[in-house]
Structure formats: C-alpha cells, structure tokens
There are 2 protein chains.
Amino acid sequence: MPATLKDIAKEVGKSITTVSRALHGYDDVSPETIALVRRVADEMGYTPNIMAQRLQKQRTDTIGFILPTFGPRFSDPFFSEFLAGIGNRAAKLGYDLLVSTRPPGEEELSTYRRKVQSHLVDGFVIVRTRRHDPRIEYLCQADFPFVAFGRTENNCDFPYVDEDGEHGMRLMAHHLADLGHKDIAFIAAPDELMFAHYRSKGFKEGLEERGVHLDEKLIVTGDLTQRDGFRQATSLLELTNPPTAIAACNDLMAMGAISAAQKRGLIVGKDIAITGFDNIPLAEHSHPPLTTIHQPIYQIGDMVCEILIRRIKGESVETDHALLEPTLVIRETCGGNQ
Amino acid sequence: MPATLKDIAKEVGKSITTVSRALHGYDDVSPETIALVRRVADEMGYTPNIMAQRLQKQRTDTIGFILPTFGPRFSDPFFSEFLAGIGNRAAKLGYDLLVSTRPPGEEELSTYRRKVQSHLVDGFVIVRTRRHDPRIEYLCQADFPFVAFGRTENNCDFPYVDEDGEHGMRLMAHHLADLGHKDIAFIAAPDELMFAHYRSKGFKEGLEERGVHLDEKLIVTGDLTQRDGFRQATSLLELTNPPTAIAACNDLMAMGAISAAQKRGLIVGKDIAITGFDNIPLAEHSHPPLTTIHQPIYQIGDMVCEILIRRIKGESVETDHALLEPTLVIRETCGGNQ
DNA sequence: ATTCTATTCCAAAACGTTTTGGGAGTCAAT
DNA sequence: ATTGACTCCCAAAACGTTTTGGAATAGAAT
C-alpha cells in the first residue's frame, strides 16, 4: 500500500536507481531531478521500508538490552532510570532499542545467541554483571559488540562503565565507624553479582581500616528487594545483641530495613543507623531521608550507550574502561543532623 | 559470514527452495531430505536472517512501546512492572519488543508516525492515555493495530484494558468517610491524564455519597512523583486548618506525603490518615504500610500484549474493552489496626 | 575528426528469505 | 498405451532497498 521507490520512479519517469540516489542527494543526479523526485516523494508520502534497507545494508541500527528479571513483581527503580538513559541516547544517535526480559539462566543465554545470529541487533548493553558471566564470555568469543555496566572476573577484555562500589562502600564503612558504631551489621547481596561483591569487599575493608570488627553473624544476604531488606533486618534486630547500625547493599533493602526498625519502635537516626547504596529518587524522600552513596544511573546508561554505538560504527573510543567515583550522601538515617 | 540457505543448498546438492521447505517441514519434501538438510543446517550453525524473513513476510513480529518520560530522573515502579508484563508475554508469543523513550509532545507523535510508516513494528502498546490523546487519534485514523492501557475521550472505538479508577477511588473515599474524617485533602494529578481524571471523579463522588464536603482549597495537584507528593502534602499541612486525611492519586505521592507528615512530627495512622493508589511493591513495606488500591499492573501488561498480538494476527478477540475491578487494600496508614 | 571530460542517467546484481506454479518420475489402474 | 495419482523437487518471482559498473550525450580541447 505505501509508496515505494518503484512507484516514485514510475511517476517521475526515471529509474529506481536515480530516485534512490536523488533522495540521498548524490551529486551524479541533476539538481532539477533531485527537486522533482523529492517533491513527488513527499506528495506520495514516501517512507523507506526499513526492513529492505536493513537487509541491504546488513545492519539494523538497533541495540539490544535484555533485562534480567526475577518473577512478576518486578520493580526496580534502577532499571527504569537506566533504560531512560540508554533509550534517550540511542534515539539521539538514530538507534532503536530492542528490549527483552529474561530471568538469568540457560534461556537468557540462548536469547542472546539467537539475537546475535539472526542479525537482530548491532550490539548489546549488558547490566548486572556476574563474577563469572556467561553472557560476556559468549559475546567476547563471538566477537560481537557490547558494552557492560559492571566488570567481571572472566578472563577477557571488554569495554565497560562501572561505579567504584568498593570505594563507595569503604566510604560508608568509615562514616559509620567514625560515628562510633561498633556493632555493625551488613545486608549483603548474592556475591555472584559483581557489584555486590565489590560493595561487600569495600565495606569489610573499610571497617578493618578503622579497626572495627565485623562479626560474621551480623552479615546476612538479601535479594535486593525491599521486602527482603525488611525480613533480613527483622532477623538482625531480633538477635540478643542487635547491631547499632545496619548497612544495606542497596537502597531498596535499606528502605525495608528502615520499616523493620520502625516497626520495632526504634527511631532511625537515633536508636539505630541505617544506610543504603544507589541514591534512588525514593531515598531522598523516605522518612527519615536515607544516607546513601550516589550513583548517576541515568548518566551511566547514557555513557554505556554512547560507547556502544561508537564501537558499532567503528569509531575510536577514548575511554572504554570507565570507573566512576561514587559520593557519600549524608542525610538523616545515621543521626547527627536532626 | 554466517551460513545462508544458499550455502546449505550447495552443500546438500539441492535447490534453495527445497532447503527452505525442508527446514519448515513441508510434506512435499522426502523425510530423508528433511533429515539431511536439518543435519547439515545444524552443522553449519544456520540461523535464518531475520531481516530477509521480515522483508519477505511483510511483518516484523515486533511490537512497539513508547515510554512517556519526563526528565532524566525518571523512575516510576509502574513502568518496570508493566514492561515486564508485556515483555514476558511478547516473548512467549515469539514477538520482540521495541522500546523508545519520548517526552509527550510533537516529537512523540512523529516517532509513532515514523515507526508506523517504515514498518518497524506490527502494533503498539499505548500507556498513560490522555483525555484528548493525539497518539490514539493518529493510530485510529491510520488503522494501525494498537491496544491501550487506559481509556480516552477521543471519539473513536479502540481496544483497551483499564482499571476502574473511578470505582477504586470511590471505595477509598467511602473508607475515609466511614472512619469519620471530615477534613479530607486530595492530591490529584493533572486532569489531562485519563486515569487521574477518573480517580479524581471517583473520589469526589464517593465523598459526596457519604455527605462529606470536599473543600476546594484542600484539592491540590502533583506530578505523580514522591518529591511532589512531599511538597504538596507539606503545603496542605501548613494550612491553618490542616486536613485529618490526605488521599493521593498514586502511591508514590502518598509516600511523599507520609514523609512530609512524619517530618512535622505527626504519627501517620493516628494523627493523620494517608492513602495511595496502585499498590506498588514499595507500598507494602513503607512505614507504616500504606493503605491503597490494588491494581494488577503486571497482569494488565500481560493482557494488553496478548490482545494486541491476537489483533495483529487477525485472530478474534473476545473482550477488547476490559475494565478491571480494583480492590481496597487496608494497611496501617489510616489507623485502626496498630 | 578525434579524444577527453563532465554530466546525467540506468540495468542489473545483491542482500536472504518464502511462495508460486509447475516439472519429472514412478506406479497402479484402466 | 493411456490416464491419474502421488512423490519429490526446483526455477523464478517477489519483498524494497543500495551499489556497482558502466552508457549516453554534450561540449571542449586537440
């Protein structure tokens, strides 16, 4: 139904070649013909058929992003913000974004494989890297363009952007130690997740540097959701010697911990200190506002996307191992300023 | 580089036609040939070139979803959950999901137009309908498949799934009135948003039905973010006659309102009642847990996507005007159960 | 008159698939 | 011997674009 090059060619009485070249403004077409073709194309409401273009050009101008989701009640503020970051940048550079949702596992990997082999996307954005990450291993070995948000322990070189979570958590540990806390608990996340690993590492080192002992019994692991933060904090607070401070691996769990403490009648910021990591928008307006580590997620999405597209286009990339310095955002969950 | 039908044909000494038909299991190919072709295809690691398939089939097996985003600090739990709903259903039915992010406006509409005209997607999922919605108007007039989450006042018939927000908010109004509140404030959202319109309408009607007067000065409008909920609630609480209950148009603003109240030293659930709408995961674990209206966002995404794909395939759709009954979830922000 | 250069155009191939409309061969029934 | 049915196969067209490798014409330089 919609107009094609052939239709225009018939209309103006020229060949398909000439029409195509006229529309692209090649200089082996006379100015008059160019004007004519453009006018007619406009009148006929011509838009190129993208599939035909892609088949011919052998590229898709599309980047892939596979969200690692668990379960239906999936709602992590991290992802919507990150998505906006890559989405806006991609649009600005004329790329589309193909999004899938897959729980980590075999099916996830085969989704990558299928999309690579069938030329569905020109490159991938990887998030939530794992210590041993099969996605990265596969894409490296297939020599397919991708950029990761996060590092990994796989033995291959690839471009990434990452926050220095180790350093961030060290700052947090110092902060808590300097406030005089001795019994500090840590709600970690699965160590298989690279960012969780770094954050745990930084936290432990930070306390050690201040000479504070971190009791193994006060280290628990949550699944990053607010619900689990609530659960883990509750069990910590039920100990015979409950901690005076709880550091969570991310804001969502920290917010769950705040609820848990308040439910037991504790005043957060006075009876107990609680900290997070991420500085999601919710953190600023929780009650009390959450002390956390800021991480510019939107900008990271933006950077990752830009680096990826440069790589796809074969342009040189100045920095393809960026490590961002996170900053400590002191609000009210550790007291000191009410 | 990757194997094509031609390569396989050469390898097995048959025509391209036969190879194609063998791979699709047509019964005009001998079983032996089918087995042979399949084996060789496997060995050569054949995957069909999707662009070629799409060009030939004149469809993309892709559905489009354009997120209406405002500003970089975009983080609405609603969207990630909804996205998971449509993403998972699409994957199950063999469809891809093409996501864009665009602030509402001229550019948004031209994005729709471009994607339609260049055959980039087979259909659209529309969210956050507006009272007068140019997207819907355009897609209707272009006779392009789409399904909306939400209704509109445009004068055209189209398939949608919606929650009955009017009814939901009426329930909430009754709840607050029945608890004895007289001075009730409402944090609305821009009336141009269809769901906000229904929710405001239902709330006003609900109070009227109980004979409670809703003071115009106690109606304010927020932008759906927690930050603005905080701001609007703060100004409400600073009035000389502050309300004893605040109903927010969504959970995020309600959570902002909770913070605002707590910041002023009020005990939520005792000194003041606060309610939301949506039942996002965070609502369950806020402190105190939020009384709200439950809306099954994931399932709605799932339904919308399924209806859309049936329409694309030309299958008959039994219900293409679904109105879901929301339910009242009573937690602790209105008191009564501590 | 010939050659050269510029200008403007186009036929055909290519991208990789699916589908159409048969063709060739075999075997059994007439 | 002819017909019909059945099985297995394939050449060619089609989808709509871009690119390759010239061709045709006109004017200028030799």
Side-chain angles (χ1 to χ4, degrees), chain A residues 1-38 40-41 44-62 94 96 114-122, chain B residues 1-38 40-41 44-62 94 96 114-122:
Chain A
M1 189 60 62
T4 69
L5 286 185
K6 206 203 278 188
D7 301 330
I8 302 179
K10 198 177 298 170
E11 185 70 20
V12 302
K14 305 271 169 178
S15 74
I16 293 180
T17 309
T18 302
V19 172
S20 170
R21 313 207 101 212
L23 289 173
H24 288 276
Y26 280 67
D27 64 0
D28 63 354
V29 184
S30 75
E32 299 80 42
T33 309
I34 290 190
L36 173 65
V37 166
R38 293 227 167 121
V40 172
M44 302 180 72
Y46 171 75
T47 331
N49 180 310
I50 295 219
M51 294 312 149
Q53 267 178 339
R54 290 182 175 175
L55 173 60
Q56 150 69 27
K57 294 196 155 158
Q58 296 290 81
R59 55 191 172 76
T60 64
D61 293 334
T62 301
D96 286 316
R114 217 175 20 251
K115 290 198 196 307
V116 168
Q117 288 175 349
S118 54
H119 301 264
L120 207 47
V121 298
D122 291 342
Chain B
M1 188 59 65
T4 69
L5 286 184
K6 206 202 280 190
D7 300 330
I8 301 178
K10 198 177 298 171
E11 185 70 20
V12 301
K14 304 271 169 177
S15 74
I16 293 180
T17 308
T18 302
V19 172
S20 171
R21 314 208 103 217
L23 289 174
H24 288 277
Y26 280 65
D27 64 359
D28 63 353
V29 183
S30 76
E32 298 80 41
T33 308
I34 291 190
L36 173 65
V37 167
R38 294 227 166 120
V40 172
M44 302 178 74
Y46 171 75
T47 332
N49 180 310
I50 296 220
M51 293 312 149
Q53 269 179 337
R54 290 183 174 175
L55 174 59
Q56 150 68 30
K57 295 195 155 160
Q58 294 291 80
R59 54 190 174 78
T60 63
D61 294 333
T62 301
D96 286 316
R114 217 177 18 254
K115 290 199 195 306
V116 168
Q117 288 176 349
S118 55
H119 301 262
L120 206 48
V121 298
D122 292 341

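Predicted model only: the values in this text are computed from it and were never measured. Note on naming: letters A, B, ... go to the chains in the order of the sequence lines (proteins, then strands), and numbering restarts at 1 for each one.
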Donor-acceptor pair, distance only, cut-off 3.5 Å: does the side chain of B:R21 make one with the backbone of B:Y26? no
Give a yes or no answer on whether the side chain of A:R54 reaches the backbone of B:M51 with a donor-acceptor pair at less than 3.5 Å. no
Would you mind reading off the distance between [X] atom [atom1] and [N] atom [atom2], rounded to a whole angstrom?
X     : N      : atom1 : atom2 : value
A:I16 : C:dA13 : CD1   : P     : 14 Å
A:L23 : D:dT17 : CG    : P     : 9 Å
A:N49 : D:dT18 : CG    : P     : 10 Å
A:R59 : D:dT17 : CZ    : P     : 16 Å
B:R21 : C:dT19 : CZ    : P     : 8 Å
A:L5  : D:dA14 : CG    : C1'   : 16 Å
B:D28 : C:dT20 : CG    : P     : 12 Å
B:K6  : D:dC10 : NZ    : P     : 16 Å

Just compare [options] and give me whichever is closest to any side-chain atom of [X].
X     : options                : answer
A:Y26 : C:dC15, D:dT19, C:dT8  : D:dT19
A:P31 : C:dT8, C:dT18, C:dG16  : C:dT8
A:S30 : C:dT18, D:dC8, C:dC9   : C:dC9
A:T17 : C:dA12, C:dT19, D:dC8  : C:dA12
A:K57 : D:dG16, D:dT18, C:dT17 : D:dT18

With a cut-off of less than 4.0 Å, is there a side-chain N or O of [X] near OP1 or OP2 of [N]?
X     : N      : result
A:Y46 : D:dT17 : yes
B:K14 : D:dC9  : yes
A:T18 : C:dC9  : no
A:Q58 : C:dG16 : yes
B:Q53 : C:dG16 : no
A:Q56 : D:dG16 : no

Walk me through whether A:T62 and A:L120 qualify under side chain to side chain contact (heavy atoms under 4.5 Å, CB included). CA-CA 8 Å; A:T62 301; A:L120 207 47; over 6 Å; no
Stepwise side chain to side chain contact (heavy atoms under 4.5 Å, CB included) check, B:Q58 with A:N49: CA-CA 10 Å; B:Q58 294 291 80; A:N49 180 310; 4.2 Å; yes
Check whether any side-chain heavy atom of B:M44 sits under 4.5 Å from a side-chain heavy atom of B:P2, and report yes or no. no
B:D61 meets the side chain to side chain contact (heavy atoms under 4.5 Å, CB included) criterion, sequence neighbours left out, with B:R59, B:Y95, B:D122
Angle between terminal axes - the helix from C:dA1-D:dT30 to C:dT30-D:dA1, 5 pairs each end, rounded to 10°: 80°
Say whether A:T17 and A:S20, considering side chains only, have a donor N or O and an acceptor N or O under 3.5 Å apart. no
Not counting sequence neighbours, which residues clear side-chain hydrogen bond (donor to acceptor under 3.5 Å, both in side chains) with A:Q53? List them please. none
So B:S20, base contact, sugar-phosphate only, or nothing? Heavy-atom distance under 4.0 Å. base
